[in-house]
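This report refers to the structure that appears directly beneath it.
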Amino acid sequence: VVYFALTAPVPKEPGELVYCTTIIHPGRVGDEYFMTRGHHHVLDSGEVYLGLSGDGLMVMQTRDQVVRTAPLSTSTVVYVPPGWAHRTVNTGERDLVFLAVYAGDAGHDYASVDRDGFTVRVIAGASGPHVIATGPVTRTRSASGTASPG
Ligand SMILES: [Fe+2]
């Protein structure tokens with residue numbers, strides 16, 4: 001098991017906020033860091049992530065393949081806007097632990113990510129993690145904090 005999530009027993013209904021702690025172990029498959037599967041929300045809605053320990057990266061991608069990444073480390077907040085698929089990657093050498101909060105009725109669509117994939121991969125390079133394109137990327141940029149996409 002590369003990662004696991006502990007989800008609070010909050011009703012998955014409108015108005016509720018589900019909160020979930022995820023732990024991704026460190027490691028790689030080849031040169032690609034361990035990561036979560038990634039998903040869209042069924043109802044386009046945002047999500048807030050708070051890094052609790054470790055070092056990683058959030059990869060976000062719209063349905064028309066605009067990509068952005070944001071550091072997710074201890075005490076870092078990442079906001080995933082509505083309509084962006086999201087996946088977390090452990091680029092460090094310890095467990096990456098983070099808290100995520102999302103709308104109770106958001107729903108999770110893993111199938112579209114399984115089908116379409118992300119158009120970038122996060123791999124280990126000589127000087128640290130690198131984000132490389134594996135498909136057509138409209139735009140790649142890094143962001144941190146609570147910046148929202150243009
Ligand atoms: Fe999510």
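Indexing begins at 1, ligand by ligand and atom by atom, following the structure's order. This chain uses plain numbering: 1 for the first residue, then up along the sequence. It should be emphasised that the depicted structure is a prediction, and the values quoted were computed from it without experimental measurement.
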**Request:** Determine, using ring centers only, whether His108 and Tyr102 are less than 6.0 Å apart.
**Result:** yes
**Complete:** Among the N/O/S atoms of Glu47, the Fe ion (ligand 1) lies closest to OE1
**Angular separation of NE2 (His39) and NE2 (His86) seen from the Fe ion (ligand 1), to 10°** = 90°
**Asp31 bridged to Arg121 by N-O distance under 4.0 Å** = yes
**Enclosure of Tyr19 OH (heavy-atom neighbours >12, cutoff 6.0 Å)** = no
**Asked** Shared ILVMFWY cluster between Leu99 and Ile23, side chains joined below 4.5 angstrom?
**Response** yes
**Whether His108 has an N, O or S atom under 2.8 Å from the Fe ion (ligand 1)** = no
